> 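To start, I am sharing the structure in question, which I have written as structure tokens.
As the structure is a prediction and not an experimental result, all values here were calculated from the model.
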Amino acid sequence: MKYTCVDPVEYLYPDITEYKSGTDKINILAPRGSFACAQILFYEGEGALQITCEGWEPESYEMVAIPVETNERMTEENSTPFSPARKAPFYVYDCLKPYSGGLTLQDGVGAVYFSWKIPVDAEPGIVQASVKAGDVTISVTVEISSAVVPAETLPMILGYNRNSVCKFHKVEKGTSEYEALDTAYLTLLRRMRQNGLYGMPHIKSIENAPNEYEFDFTDFEAYMSKALSLGYKYMYHLIGSRISWQKSTIVVGDRALPSMSYEGFCYLAQFLPALSAFLEERGWMDKFVMSLLDEPREVNYLEYRALCSIVRKYAPKIRLIDAVSCGEMYGSIDVYIPLSNEYEEHKEIFETYRKYGDEVWYYDCVHPRGNGYINRFMDDPLLTSRYHGWANYAYDLKGYLHWATNAYQPGQDPFKQSCPEHRNTDSVCILPPGDTHLVYPGTDGPWMSVRFENFRAGTEEFEMLKVLAETDKELADEICGTVFHSFTDVEYDPAAFRAVRNKLIRALEK
């Protein structure tokens with residue numbers, strides 16, 4: 001049997017045995033409060049492997065190969081030397097299944113991933129360990145740095161779909177089985193430093209008379225209390241939606257009333273003060289942000305701004321936040337979240353928002369695709385997931401948003417399909433590989449992906465850069481700028497990235 005130890009910033013594939021970062025041993029420099037991670041590809045073996053770790057106790061995972069069936073939306077015109085990383089179809093080891101005592105080799109090939117949590121109060125120094133697989137012993141050296149990963153400050157709101165939990169695990173909301181799984185998902189997402197939830201329960205309205213309402217916050221309150229107890233800081237509540245991408249109408253609330261209608265006005269004039277009072281009574285106003293319409297477009301800019309005015313009148317303390325393109329929405333909301341390419345193309349306008357007191361974050365999703373833009377897609381280099389936190393530091397963007405951590409589409413099995421069909425009112429498209437999820441619905445609960453792990457590490461590196469900048473901004477900027485130049489220009493050599501990351505850790509030691 002043969003093996004290669006590959007830097008965890010590089011994808012493993014079941015049909016490739018040689019890698020840029022491949023070596024015969026594992027060497028890791030890890031700050032305290034983070035994870036020491038490694039991955040090993042075994043090949044030309046037979047049967048099942050029993051894998052044991054000596055001298056360290058990492059979480060161990062069997063890596064599951066996931067199909068990428070198409071390089072959707074990639075063309076000769078928008079391809080680069082690094083993107084796509086491979087021409088589809090192919091399989092990639094993206095899913096991390098908790099190791100349960102044996103690694104079954106498929107066609108003689110299998111892969112494992114290790115993630116060792118380093119406590120904040122761990123003693124700095126060298127740990128000598130090993131991994132044993134069959135008759136192979138692999139040397140492991142972990143240097144625990146005196147540097148500590150800082151507490152999180154970066155707001156990260158990702159879509160968590162509770163209906164996906166019910167569907168794939170065959171449980172019903174309200175049952176003890178569902179609650180346990182829901183807690184497992186929320187806890188796992190906190191590992192990634194996700195601290196905001198997109199996808200809160202509806203606030204139910206009761207119509208006592210025509211256009212006379214009262215509101216039931218029971219489900220919303222219970223869920224927000226649970227999320228806050230698990231360490232979440234931001235609850236993202238969407239009250240508006242579109243009926244078509246070609247029409248201006250925005251409908252609001254659980255009754256989907258046209259926002260500019262008399263009925264919609266009556267609903268909002270009662271709902272917004274009730275919501276504000278609810279948040280104030282519980283001390284939650286600073287933990288709540290409201291979205292009025294995800295991705296408003298030119299066809300409804302005017303109605304969107306009018307809706308913002310109504311909300312400002314009846315709920316002036318609630319912060320408004322939305323994923324937006326660059327358009328005529330000046331002064332409408334508190335937090336503007338453009339796509340990464342929209343920010344770069346219209347930087348002057350978004351920086352004007354910031355100049356006059358608003359926040360600017362960024363997001364990606366189906367777009368941008370190609371032309372070198374980093375994203376979370378499975379046919380791009382794995383480092384594209386890692387660099388998201390570096391982008392926040394480089395551009396001083398104050399947060400990050402994505403619509404999906406487990407937004408599997410109807411008919412999609414994420415273990416078998418990475419590019420499902422997506423329907424949004426009258427818009428239909430095929431999604432790029434992996435856009436729907438960073439976690440998988442495992443047989444015993446949620447399973448991570450290697451993209452998830454790299455995203456987590458990138459957010460930690462954001463915090464390390466930010467802390468370093470407090471005492472030596474020139475050095476922090478130099479370190480960041482060595483590997484991240486722009487959303488379309490990053491360093492993809494694993495060894496070069498690892499050297500810069502280690503330089504960041506050494507700088508924090510001082």
> Suppose we call two aromatic rings close when their centres sit under 6.0 Å apart. Are Tyr185 and His169 close by that rule?
yes

> Quick one: side-chain hydrogen bond (donor to acceptor under 3.5 Å, both in side chains) partners of Arg191, sequence neighbours excluded?
Glu59, Ser115, Glu453

> What residues form a ring-ring contact (aromatic ring centres under 6.0 Å, His included) with Tyr178, not counting sequence neighbours?
none

> His367: which residues meet the side chain to side chain contact (heavy atoms under 4.5 Å, CB included) condition with it, sequence neighbours left out?
Arg73, Leu339

> Ser449: which residues meet the side chain to side chain contact (heavy atoms under 4.5 Å, CB included) condition with it, sequence neighbours left out?
Asp94, Leu438, Tyr440, Arg451, Phe452

> State which residues pass side-chain hydrogen bond (donor to acceptor under 3.5 Å, both in side chains) with Asn375; sequence neighbours excluded, sorted by chain then number.
none

> Which atom pairs, donor and acceptor, lie under 3.5 Å between side-chain atoms of residues 38-49 and protein residues at least two apart or in another chain?
from: Gln39; atom 1: NE2; to: Asp7; atom 2: O; distance (Å): 3.1
from: Gln39; atom 1: NE2; to: Glu10; atom 2: O; distance (Å): 2.6

> Could you pull out every donor-acceptor pair under 3.5 Å between side chains of residues 99-112 and any protein atom, sequence neighbours left out?
from: Tyr99; atom 1: OH; to: Ile51; atom 2: N; distance (Å): 2.9
from: Tyr99; atom 1: OH; to: Gly101; atom 2: O; distance (Å): 3.3
from: Tyr99; atom 1: OH; to: Gly102; atom 2: N; distance (Å): 3.2

> Can you sort out the partners of Glu509 under side chain to side chain contact (heavy atoms under 4.5 Å, CB included), two or more places apart, ordered by chain and number?
Ser145, Ser146, Ala147, Ile505, Arg506

> Taking only residues two or more places apart in sequence or in another chain, which ones pass side-chain hydrogen bond (donor to acceptor under 3.5 Å, both in side chains) with His402?
Arg376, Asp435

> Taking only residues two or more places apart in sequence or in another chain, which ones pass side-chain hydrogen bond (donor to acceptor under 3.5 Å, both in side chains) with Glu69?
none

> Does anything in residues 110-151 pair up under ring pair (Phe, Tyr, Trp, His ring centres under 6.0 Å), and if so which pairs, sequence neighbours excluded?
Trp56-Phe114, Trp56-Trp116

> Not counting sequence neighbours, which residues clear side chain to side chain contact (heavy atoms under 4.5 Å, CB included) with Ala122? List them please.
Arg32, Ile118, Pro119, Ile144

